[in-house]
Amino acid sequence: MELVTAWRPRVPGIAEVFHAHFVEHAYPPHVHDAWTLLIVDEGAIRFDLDRHHRGAAGASVTLLPPNVAHDGRAATGDGFRKRVLYLDTTVLDEGLAGAAVDRPGVDDPLLRRRIHQLHLALDAPGDELEAESRLALIRQRLRGHLGPVPPAWGPPAAGVAGGLRDLLDARTREGITLTEAGALLGCHPGHLVRSFTSTFGLPPHRYLVGRRVELARRLLLDGRPPAAVAAEVGFHDQSHLHRHFVRHVGVTPARYAAQGGVPNTLPSAR
């Protein structure tokens, strides 16, 4: 059975997310105006890229450059299941296409894991900052596979981290993209993520979620309903609040709110 899911996320640099399970479908030769970042979850794919025979399967990562002809079909009768990100040329410069034509397959378990984590973030509406953070690290790693990595530009790590924390604190409810923060602080988004993580011990998206959960706790104890709290503190919806609240606090928002004003019944230490 041929199954396809596609959407355009609200993440700068990602033109489309495409998940597919194909058995009989074969792509004719075609080109994209974006980079194709592909992982295969089941089966294997055969494809020709610029008249060279290639393949994709298992733990490898495949990166196809823009405006270079390629096709694709299942390598066996069982078909394949794949997840694809179409990345525009603000993420990777089109001048790197030649290196990708020569080496479209990358054996890098960490890169593949990060791409998987990015897909999970993209599946969850409201986690756009996490997705943008993960994309920044993926871009850096891909850039390293395609050629020499230019030095990161930006101020010292501690100053960048403190500046980003101030922005996240000031815009906890409405949020901010790494692209916007990078422009305000004068550095690349990848440098932002690395600096913040090394300084504070957690990436910026987790810091922002934690701040939102703290705000939600106060409002819930004030008697506000969870759906209203979710919207007020910046979560996408009530289920988004629920997922992160349980992870941080250990109980659902509704159960937490129900305990508001109830004295602690745990025995005190003597």
Side-chain angles (χ1 to χ4, degrees), residues 7 9-12 117-137 155 157-187 189-270:
W7 71 96
R10 296 187 302 170
V11 178
Q117 292 169 334
L118 174 54
H119 277 281
L120 294 181
L122 292 167
D123 280 341
D127 287 345
E128 286 81 12
L129 182 62
E130 176 182 353
E132 195 180 2
S133 298
R134 295 194 181 282
L135 178 61
L137 297 178
V160 167
L164 180 55
R165 183 176 63 179
D166 290 343
L167 288 172
L168 293 174
D169 288 344
R171 298 179 55 172
T172 298
R173 292 175 172 84
E174 62 269 37
I176 188 170
T177 68
L178 286 179
T179 302
E180 183 181 358
L184 290 171
L185 297 172
C187 64
H191 183 56
L192 273 181
V193 175
R194 293 190 302 274
S195 298
F196 194 97
T197 303
S198 64
T199 301
F200 297 118
L202 76 172
H205 66 271
R206 290 186 181 171
Y207 176 84
L208 180 62
V209 167
R211 295 283 290 123
R212 286 174 171 170
V213 169
E214 287 299 304
L215 289 174
R217 292 173 71 155
R218 297 170 195 165
L219 294 175
L220 289 166
L221 292 180
D222 285 341
R224 301 291 300 281
V229 169
E232 187 163 342
V233 304
F235 286 107
H236 179 73
D237 53 23
Q238 186 173 345
S239 65
H240 190 212
L241 165 67
H242 180 100
R243 175 161 53 87
H244 286 295
F245 198 92
V246 170
R247 182 168 177 264
H248 278 253
V249 185
V251 296
T252 67
R255 284 190 60 191
Y256 184 84
Q259 300 303 311
V262 177
N264 182 6
T265 56
L266 293 176
S268 60
R270 294 181 180 273

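In this chain, residues are counted from 1 in sequence order.
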Parallel, tilted or perpendicular: rings of His244 and Phe235 (30°, 60°)
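The rings of Phe235 and His244 lie parallel, inter-plane angle below 30°.
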Arg165 side chain to Tyr207 side chain, donor-acceptor N/O pair below 3.5 angstrom:
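No, no side-chain donor-acceptor pair sits under 3.5 Å.
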With no hydrogens and no angle check, just 3.5 Å: does a side-chain donor-acceptor pair link His236 and Asp127?
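Short answer, no.
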Is there a salt bridge (charged side-chain N to carboxylate O under 4.0 Å, His left out) between Arg217 and Glu214? Walk through the geometry before answering.
CA-CA 5 Å; Arg217 292 173 71 155; Glu214 287 299 304; 3.7 Å; yes
Please give me the minimum heavy-atom distance between [X] and [Y], naming the atom from each residue.
| X | Y | result |
| --- | --- | --- |
| Pro253 | His242 | CD-ND1, 3.8 Å |
| Cys187 | Val160 | SG-CG1, 4.0 Å |
| Val251 | Phe245 | O-CD2, 3.2 Å |
| Leu118 | Ala131 | CD1-O, 3.3 Å |
| Arg224 | Leu220 | O-CD2, 3.7 Å |

Can you name the residues that form a side-chain hydrogen bond (donor to acceptor under 3.5 Å, both in side chains) with Thr179, not counting sequence neighbours?
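Result, side-chain hydrogen bond (donor to acceptor under 3.5 Å, both in side chains) vs Thr179: Glu132.
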Has Arg10 got more than 12 heavy atoms of other residues, nucleotides or ligands less than 6.0 Å from its CZ?
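Atom CZ in Arg10 is not crowded, with 12 or fewer foreign heavy atoms closer than 6.0 Å.
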Determine whether Leu202 and Thr197 satisfy the following criterion, side-chain contact (heavy atoms from CB on, under 4.5 Å), listing intermediate values before the conclusion.
CA-CA 5 Å; Leu202 76 172; Thr197 303; over 6 Å; no
